[in-house]
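All chains are named by letter (A, B, ...) in the order of the sequence lines, taking the proteins before the strands, and each is independently numbered beginning at 1.
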Protein chains: 2
Amino acid sequence: MPKRRKVGNLLALAVLSALVQRPMHPYEIATALRAWGKDQDMEFKWGSFYTVIGNLDKHHLIEAVENVREGRRPERTVYRITDAGRAELVDWARELVSTPMAEHPRFRAGLSVLAALHPDEATGLLRQRLDLLETAIRQDRETLDAHLREIPRLFLVESEYDLAIRDAEAAWLRALLAELTSGSYPGLDTWRAFHETGEMPAELTELAARGSTPNASSDTPTTDSPEAHPDSAERPDSFSRRADTTG
Amino acid sequence: MPKRRKVGNLLALAVLSALVQRPMHPYEIATALRAWGKDQDMEFKWGSFYTVIGNLDKHHLIEAVENVREGRRPERTVYRITDAGRAELVDWARELVSTPMAEHPRFRAGLSVLAALHPDEATGLLRQRLDLLETAIRQDRETLDAHLREIPRLFLVESEYDLAIRDAEAAWLRALLAELTSGSYPGLDTWRAFHETGEMPAELTELAARGSTPNASSDTPTTDSPEAHPDSAERPDSFSRRADTTG
DNA sequence: CAACGGTTACTCGTCGACGAATATACGCCG
DNA sequence: CGGCGTATATTCGTCGACGAGTAACCGTTG
């Protein structure tokens, strides 16, 4: 259950974690986040940043301390974290760490329409991805190793995680590419024929027609049958139109 | 370069891929997507769905064919994909497949504030995550294997990818937990001391003060020094305020 | 057969995301 | 020392995301 956060944007998490150290004004927060690389851990957009600061203030998770004015510049408001803010930070951290949520990487969406491309082109594009990925990984590994020499590992866990995951993606890509280039990938001929002759075997046409909920995923417990299942912990939600009033 | 899409929401990709098969009305599209599991490949929200349909229409990637009216129900518009729409589908697929983009999983954000929790609690929460993850993986693997018996692998690539990635996460978690529980994780004592005595070693205070761009990531080439670097391919963007007019 | 609850099928209003615009300060070159 | 390019620091307006609301239809129970 991804609790309804008063400020949902993950930027807010970063802001809170920055303000735990000491009170700062917005631009200073942003600079600090960039300085210790937090901007890689979530989407950082200047437009959203100030919105988030405003919302955190509105919900009393942070509060203005003083207004500094330098020269004729617009005055900068220094914010400090409140007790509620500290509580939110910890509670949010707990949730994010303990609860696996369905993520939706863009690559997955891309793969879901892979059949729309000619198999040879698909293979080329996947190879290109692998190349780019490997280069990026090599660079980031280097950077990480360099940082590990002066910064405790605890503050770099996310980067280690990131690299592990991308290594796995690279490995998976290599395996897939091996099958595609060797021609051992099942259905490769049909796939190619479809793109070259426009011919789709009856078997596939029929497949498209009926529904069989192919994809595996945790948050759709294959409960296709409309049984009155009593009160099982969670609702699929993806396709339910209204959250129940239990909230 | 993640090309500026006229309709950026990934739901649009799914809609296009559905309409490639045959013209449909919105609800029918949604049903079809759910039927063949596409709703797991991206965020599906009913609210966004109709917005996306409207935008696709507005930008002529799909177009209305006819208006069916049954009984006194609101009439349902049947849409078909246009040539522009087909082109967009293919072009988008190419981009998604070939170009690794920085993703920002929520878990990564969580890890980035892991130090905010007591190490023992963190360990417990990570263990909980691992348990949930393993259960989910086991279920999804089963479902996938079942589907593989009747659906060509090509149409299940995204699920195979997903499982591979989550397997990797589980493995990484296991390794991390081993270090945490055995006590071999470097800095564990300092971490614990900080939470139990509130004492932060001078070494860390100093670390927080200076900026050293710790995180490894491809899209921030550690260019902290304000050198006039001539025209290197890409801009970090995360922290630049204005995209250059080259567009 | 009326009343009710579930399913189908959207519409609407609000809030937040974020690109673009703004404005001052600063450094440097002639 | 005045003009201009760049960095600093923020505001603003628009568009899209999406939860909540609406309404017909359908089955079913008393």
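For K58(B) and dC15(D), the shortest distance from a side-chain N or O to OP1 or OP2 is not below 4.0 Å.
As a whole-Å value, the separation of D57(B) CG from dG16(D) P is 14 Å. Rounded to an integer number of Å, the gap from R34(B) CZ to dT8(C) C1' is 10 Å. Look at OH on Y27(B): it is 6 Å from P on dA9(C), rounded to the nearest Å. In this structure, the OH atom of Y50(B) is 21 Å from the C1' atom of dC15(D), given to the nearest Å. For the pair F44(B) CZ and dA9(C) P, the interatomic distance rounds to 13 Å; values are reported in whole Å. At whole-Å resolution of the value, CZ in R76(B) and P in dC10(C) are 6 Å apart. Rounded to an integer number of Å, the gap from Y79(B) OH to dA9(C) P is 15 Å.
D41(B) and K38(B) are not joined by a salt bridge, as no carboxylate oxygen comes within less than 4.0 angstrom of a charged side-chain nitrogen. A salt bridge does not link E103(A) to R108(A): none of the charged side-chain nitrogens sits closer than 4.0 Å to a carboxylate oxygen. The pair E43(B)-K45(B) meets the salt-bridge criterion, since a charged nitrogen lies less than 4.0 angstrom from a carboxylate oxygen.
A donor-acceptor pair under 3.5 Å is formed between the side chain of H104(B) and the backbone N or O of Q40(A).
Heavy-atom nearest nucleotides on DNA chain D were determined for H25(A) and for K6(B), and the one closer to the 5' end corresponds to H25(A).
Cation-pi geometry between R129(B) and F107(B) is met: the NZ or CZ atom falls under 6.0 Å from the ring centre, inside 45° of the normal.
Among residues two or more places apart in sequence or in another chain, the ring-ring contact (aromatic ring centres under 6.0 Å, His included) test is passed with Y50(A) by none.
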Could you list the protein-to-nucleotides 17-19 of chain D atom pairs, N/O on both sides, closer than 3.5 Å?
from	atom 1	to	atom 2	distance (Å)
dA17(D)	OP1	N9(B)	ND2	3.1
dC18(D)	OP2	S48(B)	OG	3.1
dC18(D)	N4	T51(B)	OG1	3.2

